[in-house]
Amino acid sequence: MSLTRVAQILKAGQPGTTVDVRGWVRTKRESKQDFAFLEINDGSCMKNVQIVVDAKIPDYASLIKQISTGASVAVVGEIKESLGKGQRVEVHAQSLKVLGTADPLTYPLQKKGHSFEFLREKAHLRPRTNTFGAIARIRNALCSAIHNFFQARGFLYVQTPIITTSDCEGAGQVFQVTTLDLAKLQQSKGPLDYSHDFFGKKAGLTVSGQLEGEIFATAVGDVYTFGPTFRAENSNTTRHLAEFWMVEPEMPFYELEDNMDLAESFVRTIVKDVLNRCSEDLEFFNERIEPTLLASLQNIVEHDFIRLTYTDAVKILETSGHKFEYPVAWGHDLQSEHERFLTEQHFKQPVILTDYPRAIKSFYMRCNEDGKTVRAMDVLVPRIGEIIGGSQREERHDVLIDRMKECGLVPEDYWWYLELRQYGTVPHSGFGLGLERTVQLVTGMTNIRDCIPFPRTPKSADF
RNA sequence: UCCCCGAUAGCUCAAUCGGUAGAGCGAGCGGCUGUUAACCGCUAGGUCCUAGGUUCGAGCCCUAGUCGGGGAGCCA
């Protein structure tokens with residue numbers, strides 16, 4: 001007999017059929033005389049299946065004694081309509097096997113709820129909880145929706161390198177990759193010589209696949225990357241990780257408006273897909289974590305995003321009458337409180353801001369005719385803030401060189417990036433979406449460290 | 001990196017003015033029960049984060065550190 005998963009039994013299990021179900025015991029309720037109830041979860045869904053174990057099965061007393069919260073069991077039994085309230089069907093065990101016990105004196109997970117801080121220290125066991133099981137399923141559904149979105153539109157999934165020697169991407173601090181003996185180096189006083197290092201030059205972990213994505217976008221058409229990204233910034237916030245996953249589409253012949261259209265359609269589609277596929281899990285988060293969650297996700301799916309320029313946003317903030325801790329001024333980057341005001345109070349909608357001052361944005365963003373702004377776009381959502389950052393890329397060879405110099409970069413370091421503009425250049429655009437921030441958006445979880453299975457942050461990389 | 005807060009039982013927390021270490025939950029045992037965060041009774045369980053210091057006496061005050069949380073910056 002093949003295994004039946006709990007989700008299947010609860011959804012479609014027909015009374016009278018015999019099933020083999022295996023999983024981990026969440027609770028045991030024991031009647032000393034006649035029988036015991038076990039609630040088993042196998043991660044296939046939020047709910048547990050109730051197992052009724054009659055005292056007449058062989059070895060009953062010793063089996064039940066071995067079972068406690070966390071134990072793994074295999075049950076063969078018949079599906080029956082439940083006499084009790086709370087579940088449509090249950091499984092009456094014909095045989096019960098304890099696969100692994102979980103000593104209640106030491107097993108960290110209790111029947112009661114635990115704080116997320118505590119569970120972060122038990123990253124090897126937290127997927128066995130309701131919340132983290134649900135996050136795992138939702139994250140999976142999101143990834144699947146992301147691939148579906150792009151595949152349905154003919155995008156090619158390209159793999160950009162994780163180790164890179166273009167030390168100059170400008171997107172933040174890089175984790176260095178080396179095989180040099182650091183202990184030995186510490187003692188020698190000579191200058192560093194990377195020619196003896198593994199790659200013969202300074203190498204690091206990628207902070208973005210964008211530049212390499214542009215290579216393929218200007219060759220095979222629409223592409224996207226989806227992989228791990230690393231930032232060695234000493235960031236200690238609820239929305240930053242040292243290792244996170246990023247989706248980066250890059251499209252030739254797209255101007256900024258096309259880029260915005262795609263980004264908006266992308267976010268709304270994947271949110272809609274997850275709403276459809278994970279409704280039970282999302283209801284849990286709506287009930288237990290963030291009471292406005294479902295309404296805010298519906299709002300995203302049903303309404304167009306607000307689009308306005310950075311300049312107009314600054315005007316709105318200046319005339320809002322709202323007291324900000326940090327003053328608003330054209331030319332300065334918007335503070336978190338400004339972004340939050342726009343999405344949470346003023347528009348109560350996701351907002352796409354465009355045309356930021358060139359002085360505060362990256363070298364690769366296309367310069368506007370006004371000489372003051374670039375064709376950048378940030379998608380801001382309530383609760384999270386920036387979930388997407390993107391731009392139309394500067395495709396004019398001479399303008400790009402000037403811009404690099406303006407940003408204090410050495411054009412020769414980007415020789416291959418510049419050659420894309422020298423040979424058959426085309427207008428093109430792209431953006432990056434943070435996967436974990438999207439998980440935050442969709443689940444209502446407030447700390448990004450709970451939105452990735454094994455979070456890496458300053459001073460923390462266990463498991 | 002900066003600002004604020006915290007660390008006490010397995011978990012979540014309390015401990016008045018510096019004076020004998022507490023509760024709820026969990027766990028064990030017993031009782032009861034088609035139960036479902038079950039319920040009732042009893043029991044066990046402590047290097048008060050670490051290292052110094054002040055004091056007759058420190059969980060509490062001081063200094064340094066470690067780790068955690070929230071906010072800011074950097075950004076996705």
Does any donor atom in the side chain of A:W330 or A:T311 lie under 3.5 Å from an acceptor atom in the other side chain? yes
A:N148: side-chain hydrogen bond (donor to acceptor under 3.5 Å, both in side chains) partners, not counting sequence neighbours: none
Using a 4.0 Å cut-off on heavy atoms, which residues in residues 428-441 of chain A reach RNA chain B? List them by number, or say none. A:G432, A:G434, A:R437
Across nucleotides 1-12 of chain B, 5' to 3', mark each nucleotide with B, S or - according to how protein heavy atoms within less than 4.0 Å reach it. B--------BBS
Any pair counted as salt bridge (charged side-chain N to carboxylate O under 4.0 Å, His left out), so long as it reaches residues 127-140 of chain A, sequence neighbours left out: A:R137-A:D281, A:R139-A:E436
If we take the P atom in both B:U50 and B:G30, what is their distance in whole Å? 37 Å
For RNA chain B, just give me the dot-bracket, please: Watson-Crick or G-U, both distances below 3.5 Å, ( ) intra-strand, [ ] crossing earlier pairs, | paired with another strand, . unpaired. (((((((..((((.....[..)))).(((((.......))))).....(((((..]....))))))))))))....
Residues forming a side-chain hydrogen bond (donor to acceptor under 3.5 Å, both in side chains) with A:H92, sequence neighbours excluded: A:E90
Whether the A:Q66 and A:T101 side chains hold a donor-acceptor pair (N or O, under 3.5 Å, no angle test) is what I'd like checked. no
With sequence neighbours excluded, what pairs up with A:T27 under the side-chain hydrogen bond (donor to acceptor under 3.5 Å, both in side chains) test? A:R29
Carboxylate-amine/guanidinium proximity below 4.0 Å for A:E394 and A:R375: no
Closer than 4.0 Å, any side-chain N/O of A:S68 to the OP1 or OP2 of B:A27? no
Any side-chain donor near an acceptor of the partner, A:T373 and A:N368, under 3.5 Å: yes
Could you tell me whether the phosphate oxygens of B:G73, OP1 or OP2, come under 4.0 Å of any side-chain nitrogen or oxygen in A:R231? no
Quiz: residues 451-463 of chain A side-chain donor-acceptor pairs under 3.5 angstrom, not counting sequence neighbours:
unit_1, atom_1, unit_2, atom_2, d
A:R456, NH1, A:D462, O, 3.0
A:R456, NH2, A:F463, O, 2.6

Aromatic-base stack, A:F244 on B:A76, cutoff 5.5 Å, angle under 30: yes
Any N/O pairs under 3.5 Å between the protein and nucleotides 38-45 of chain B? List them or say none.
unit_1, atom_1, unit_2, atom_2, d
B:A38, OP1, A:K111, NZ, 3.3

Should A:T238 be listed as having a side-chain N or O under 4.0 Å from OP1 or OP2 of B:G71? yes
Applied to residues 65-77 of chain A, the salt bridge (charged side-chain N to carboxylate O under 4.0 Å, His left out) test, sequence neighbours excluded, yields none
Contact under 4.0 Å: A:R120 side-chain N or O vs B:G69 OP1/OP2: yes
Sorted by chain and residue number, the salt bridge (charged side-chain N to carboxylate O under 4.0 Å, His left out) partners of A:E248 (sequence neighbours excluded) come out as none
Find out whether A:L380 and A:I387 are in side-chain contact, i.e. whether some heavy atom of one side chain is under 4.5 Å from a heavy atom of the other. no
Using salt bridge (charged side-chain N to carboxylate O under 4.0 Å, His left out) as the criterion, list what pairs up with A:E255, not counting sequence neighbours. none
